[in-house]
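Comments concern the structure below.
Position 1 is the first residue of the sequence; numbering continues from there. In this text the structure is predicted, and so the values were computed from the model without any measurement.
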Amino acid sequence: MSQAATIEKSETKAGVNQLDQLKRFTRVVADTGDFATLKQYEPEDATTNPSLILKAAQMPEYKHLVEKGVTETKKLGLSRPAMAARVVDQLLILFGVEILKIIPGRVSTETDAALSFDTQGLLTKARQFISMYEQNGIPRERILIKIASTWEGIRAAEVLQKDGINCNMTLLFSLPQAIACAEAGAKLISPFVGRILDWHKKSTGKDYAPAEDPGVQSVRAIYAYYKKFGYKTEVMGASFRNVGEILELAGCDLLTISPQLLGELKSSTAPVERKLSPEIAKESKLERITLDEKMFRWLLNEDAMATEKTAEGIRNFHADAMKLEKFILEKL
């Protein structure tokens, strides 16, 4: 038995929970805006999005952050709609600052989904966010700017990365999107495992075992492609529907996990086996794909699931951002 296997066996025997086992070979990220969750599960990084911030902003324990954002923005003398939009930005940053007081690593902050097809708009928003964080004493190294994996979003990331602004490419559902992000030098991608599963279950009416889960298989292929061809972009599986999906991707660079599933992992001491590794990935038979804008758009168009889920994700994030603005307007 190898030393690694011996360690794994002895630790599992001693009753180490699955979350702590997973942390041995995957960077665990909390997908939440709730600070209590971060303290409970001790992730390295955290991700937020408009949906999570909307949920957290409505919780009594975070009322003070909403009030702080409103008070600071009122000093700017803006119109009510402009003020509401500014408070949303302030809240994203305020939550990010508080999260970074708890975790040792990085926080991901989402750009406005309405900018998903506006490269210049994304550049402006990302730089604004970095400036707001720096005004709060947070260095850019601890921030990941979340941008939808559209062609325009990927082009924005390419520019931002050269400026030392790290990007987390979200709403990613296909290998062509992942390849384009890596070619652009994005720091990190977030392939959405559960949403891929949702589409296939609805399309076929079938249930899938974790190993055959289409979302799991998609991330495996992306991870293998990156490691085989030497890309530095990190792969962070996201949007999980069950613990089985997470365990099938044990060994992925990062996994961002909801509080509910973090709880399930922490409550189990069943052994966790590493499923992904750079050594295994480099043996894959994947062939290199050359992408320009025309090929990217064609391959994305040919993938009905990726096309539909990217568009749906942009619409849903925008809808939640609008709900958050409405929530703020009622406070002004």
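Remark: D163 does not engage R140 in a salt bridge, criterion side-chain N to carboxylate O under 4.0 Å.
Using a 4.5 Å cut-off on side-chain heavy atoms (C-beta onward), V235 and P191 make contact. Considering only heavy atoms from C-beta on, V70 comes within 4.5 Å of L332 through its side chain. A heavy-atom distance below 4.5 Å is found between the side chains of P259 and T32. Within the 4.5 Å cutoff, the side chain of T26 has heavy atoms near those of the L255 side chain. Using a 4.5 Å cut-off on side-chain heavy atoms (C-beta onward), L262 and S258 make no contact. L188 is not listed as a side-chain neighbour of M169, based on a closest heavy-atom distance of 4.5 Å or more. Side-chain contact between L300 and S174: present, with at least one pair of heavy atoms (C-beta onward) separated by less than 4.5 Å. Counting heavy atoms from C-beta on, the side chains of K275 and E273 come closer than 4.5 Å.
The backbone N or O of A178 lies less than 3.5 Å from a partner atom in the side chain of Y226, making a donor-acceptor pair. At distances below 3.5 Å, not a single donor-acceptor pair connects side-chain atoms of S268 with backbone N or O atoms of L265. No donor-acceptor pair closer than 3.5 Å links the side chain of T307 to the backbone N or O of A304. In this structure a side-chain-to-backbone donor-acceptor pair under 3.5 Å is missing from E44 to R27. Under the 3.5 Å distance criterion, the side-chain polar atoms of S218 are left unmatched by any main-chain donor or acceptor of P214. In this structure, N136 contributes its side chain and M132 its backbone to a donor-acceptor pair below 3.5 Å. Judged by distance alone, with hydrogens and angles left aside, the side-chain atoms of E325 form no donor-acceptor pair with the main-chain N or O of A84 at under 3.5 Å. No donor-acceptor pair closer than 3.5 Å links the side chain of Y62 to the backbone N or O of I53. A donor-acceptor pair under 3.5 Å links the side-chain atoms of Q161 to the main chain of C167, judged by distance alone.
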**OP:** Please test D320 against K323 for salt bridge (charged side-chain N to carboxylate O under 4.0 Å, His left out), starting from the C-alpha separation and ending with a verdict.
**Re:** CA-CA 5 Å; D320 280 342; K323 288 176 190 173; 3.5 Å; yes

**OP:** Check step by step if side-chain contact (heavy atoms from CB on, under 4.5 Å) holds for K146 and T111.
**Re:** CA-CA 6 Å; K146 288 178 80 174; T111 51; 5.6 Å; no

Subject >> Candidate pair Q120 and D118, rule side-chain contact (heavy atoms from CB on, under 4.5 Å), full reasoning >> reply: CA-CA 6 Å; Q120 189 56 51; D118 179 355; 4.0 Å; yes

Subject >> Pair N168-S190, side-chain hydrogen bond (donor to acceptor under 3.5 Å, both in side chains): steps then yes or no >> reply: CA-CA 7 Å; N168 171 352; S190 295; 2.7 Å; yes

Subject >> Full working for side-chain hydrogen bond (donor to acceptor under 3.5 Å, both in side chains) between Q135 and S131 >> reply: CA-CA 6 Å; Q135 287 165 24; S131 175; 3.1 Å; yes

**OP:** Evaluate salt bridge (charged side-chain N to carboxylate O under 4.0 Å, His left out) for R220 paired with E248, printing each intermediate quantity in order.
**Re:** CA-CA 9 Å; R220 281 181 182 158; E248 284 297 328; 2.5 Å; yes

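In this structure, a donor-acceptor pair under 3.5 Å is absent between the side chains of T269 and N17.
Each ring pair (Phe, Tyr, Trp, His ring centres under 6.0 Å) pair with one or both residues in residues 242-282, not counting sequence neighbours, would appear here, but there are none. Note on residues 127-156: pairs passing ring pair (Phe, Tyr, Trp, His ring centres under 6.0 Å), not counting sequence neighbours, are W151-F296. Applying the salt bridge (charged side-chain N to carboxylate O under 4.0 Å, His left out) test to residues at least two apart or on different chains, the pairs with a partner in residues 223-238 are R106-E234, K187-E234, K227-D253.
In this structure, CZ in R315 is found 11.5 Å from OG in S116, a value given to the nearest 0.5 Å.
Scored by the ring-ring contact (aromatic ring centres under 6.0 Å, His included) test, W298 finds no partners at all (sequence neighbours excluded). For the side-chain hydrogen bond (donor to acceptor under 3.5 Å, both in side chains) test, no residue two or more places apart in sequence or in another chain qualifies with N242. In this structure R297 satisfies the side-chain hydrogen bond (donor to acceptor under 3.5 Å, both in side chains) test together with E152, E293, sequence neighbours excluded. For T37, the side-chain hydrogen bond (donor to acceptor under 3.5 Å, both in side chains) partners at least two apart in sequence or on another chain are D34. With sequence neighbours excluded, no residue satisfies side-chain hydrogen bond (donor to acceptor under 3.5 Å, both in side chains) with Q217.
The hydrophobic cluster containing L52, built from Ile/Leu/Val/Met/Phe/Trp/Tyr side-chain heavy atoms closer than 4.5 Å, comprises no other residue. Membership of the apolar cluster around F173 extends to F117, L171, F192, I196, W199, M305, I314, F317, as traced through chained side-chain contacts below 4.5 Å between ILVMFWY residues.
Within 6.0 Å of atom CD in Q260, 12 or fewer heavy atoms from other residues, nucleotides or ligands are found, so the atom counts as exposed in its surroundings. More than 12 heavy atoms of other shown residues, nucleotides or ligands fall within 6.0 angstrom of atom NZ in K266.
Of all heavy-atom pairs between T48 and S108, the closest is OG1-O, 2.9 Å. Nearest heavy-atom pair across C252 and G237 is SG-N, 4.2 Å. For the pair A57 and L324, the tightest heavy-atom approach, listed with the atom from each and the gap, is CB-CD1, 4.2 Å. Taking each heavy atom of V29 and M236 in turn, the nearest pair found is CG2-SD, 3.8 Å. Residues I189 and C181 come closest through the heavy atom pair CG2-CB, 3.7 Å.
There is a path of hydrophobic side-chain contacts, each under 4.5 Å, that joins L38 to L22. A chain of hydrophobic side-chain contacts below 4.5 Å, direct or via other Ile, Leu, Val, Met, Phe, Trp or Tyr residues, connects V107 to Y41. Following chains of ILVMFWY side-chain contacts shorter than 4.5 Å, one can reach L175 starting from L299, so the two form part of one hydrophobic cluster. Both F25 and F240 sit in one connected hydrophobic cluster of ILVMFWY residues. Membership requires side-chain heavy atoms under 4.5 Å apart, directly or through other members.
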Can you list, pair by pair, the side-chain donor-acceptor contacts under 3.5 Å of residues 279-291, counting residues two or more places apart and other chains?
from	atom 1	to	atom 2	distance (Å)
S284	OG	A281	O	3.0
R288	NH1	Y231	OH	3.1

Pairs under 3.5 angstrom only: tabulate donor-acceptor contacts from the side chains of residues 85-104 to other protein residues two or more places apart or in another chain.
from	atom 1	to	atom 2	distance (Å)
D89	OD2	K125	NZ	2.7
D89	OD2	Q128	NE2	3.1
Q90	NE2	E72	OE1	3.3
E98	OE2	K101	NZ	3.0

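In summary, of the residues considered (T150, I145, L144), a side-chain contact (heavy atoms from CB on, under 4.5 Å) with I147 occurs for I145 alone.
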